[in-house]
*Asks:* 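A single structure is presented below for examination.
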Amino acid sequence: MSDQQQPAPDRQPVTTQGADALRAYAERTRSSAEQLAAFLEDVAANGLPTAESTTPWEIVRDRRLAELAAERGNVA
């Protein structure tokens, strides 16, 4: 445990792998939050996009479900 920081007195230690996973999740979350903030700032500055210029949520949903199914592969 010499390469890990010691936890605060009232906390449980986290493994190196656990800490790495938490940092990766934090980075993904931070990135998503920055993308959302940029979108909201764009809407505030320029108004809402027209319905014709956007993709219906059903298409986005179906596309994402297909991506997830492809990642999962065939499990028998």
Side-chain angles (χ1 to χ4, degrees):
M1 225 172 149
S2 60
D3 62 340
Q4 292 181 347
Q5 289 182 339
Q6 293 297 317
D10 60 343
R11 302 230 182 161
Q12 296 288 325
V14 178
T15 65
T16 301
Q17 296 85 359
D20 290 344
L22 288 169
R23 288 185 188 99
Y25 179 72
E27 183 57 35
R28 289 190 308 273
T29 303
R30 186 176 297 113
S31 176
S32 294
E34 289 172 1
Q35 289 175 5
L36 176 59
F39 170 76
L40 295 174
E41 289 171 353
D42 178 70
V43 169
N46 302 305
L48 289 168
T50 63
E52 294 78 24
S53 69
T54 61
T55 305
W57 73 269
E58 296 91 348
I59 293 173
V60 174
R61 177 202 60 206
D62 292 345
R63 189 179 301 151
R64 183 62 180 143
L65 288 174
E67 290 171 359
L68 291 171
E71 288 174 10
R72 186 174 181 202
N74 295 331
V75 178

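Given the structure is predicted, the values throughout are model-derived calculations rather than measurements. Only this structure's heavy atoms are used, side chains among them; waters, hydrogens and symmetry mates stay out.
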*Asks:* Enumerate, atom names and distances included, each donor-acceptor pair closer than 3.5 Å involving a side-chain atom of residues 38-48, sequence neighbours excluded.
*Replies:*
from  : atom 1 : to    : atom 2 : distance (Å)
Asp42 : OD1    : Asn46 : ND2    : 2.7
Asn46 : ND2    : Asp42 : O      : 3.3

*Asks:* Rest of the hydrophobic cluster containing Leu65 (Ile/Leu/Val/Met/Phe/Trp/Tyr, side-chain heavy atoms under 4.5 Å)?
*Replies:* none
*Asks:* Supply the members, apart from Trp57, of the Ile/Leu/Val/Met/Phe/Trp/Tyr cluster built from side-chain contacts under 4.5 Å; use none for a lone residue.
*Replies:*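 Besides Trp57, the hydrophobic cluster comprises nothing; the residue is isolated.
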*Asks:* Test of understanding: with side chain to side chain contact (heavy atoms under 4.5 Å, CB included), list the residues that count as partners of Ala21, not counting sequence neighbours.
*Replies:*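 Checked Ala21 against side chain to side chain contact (heavy atoms under 4.5 Å, CB included); zero matches.
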*Asks:* Not counting sequence neighbours, which residues clear salt bridge (Lys or Arg N to Asp or Glu O under 4.0 Å) with Arg30? List them please.
*Replies:* Glu27
*Asks:* If a pair satisfies salt bridge (charged side-chain N to carboxylate O under 4.0 Å, His left out) and one of its residues is in residues 51-61, list it, with sequence neighbours excluded.
*Replies:* none
*Asks:* For Pro9, check side chain to side chain contact (heavy atoms under 4.5 Å, CB included) against everything at least two apart and list the hits.
*Replies:*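 With neighbours one apart ignored, the set is empty.
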*Asks:* Tell me every residue that passes salt bridge (Lys or Arg N to Asp or Glu O under 4.0 Å) with Glu34, counting only those two or more places apart in sequence or in another chain.
*Replies:*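 With neighbours one apart ignored, the set is empty.
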*Asks:* Could I get the full list of salt bridge (Lys or Arg N to Asp or Glu O under 4.0 Å) partners for Asp62, not counting sequence neighbours?
*Replies:* none
*Asks:* Which residues pass the side chain to side chain contact (heavy atoms under 4.5 Å, CB included) test with Ser32, not counting sequence neighbours?
*Replies:*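 Ser32 satisfies side chain to side chain contact (heavy atoms under 4.5 Å, CB included) with no other residue.
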*Asks:* Going by salt bridge (charged side-chain N to carboxylate O under 4.0 Å, His left out), name the pairs with one or both residues in residues 11-21, residues two or more places apart or in two chains.
*Replies:* Asp20-Arg23
*Asks:* For Ser53, enumerate each residue passing the side chain to side chain contact (heavy atoms under 4.5 Å, CB included) test, keeping only those at least two apart in sequence or located in another chain.
*Replies:*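 Result, side chain to side chain contact (heavy atoms under 4.5 Å, CB included) vs Ser53: Pro49, Thr50.
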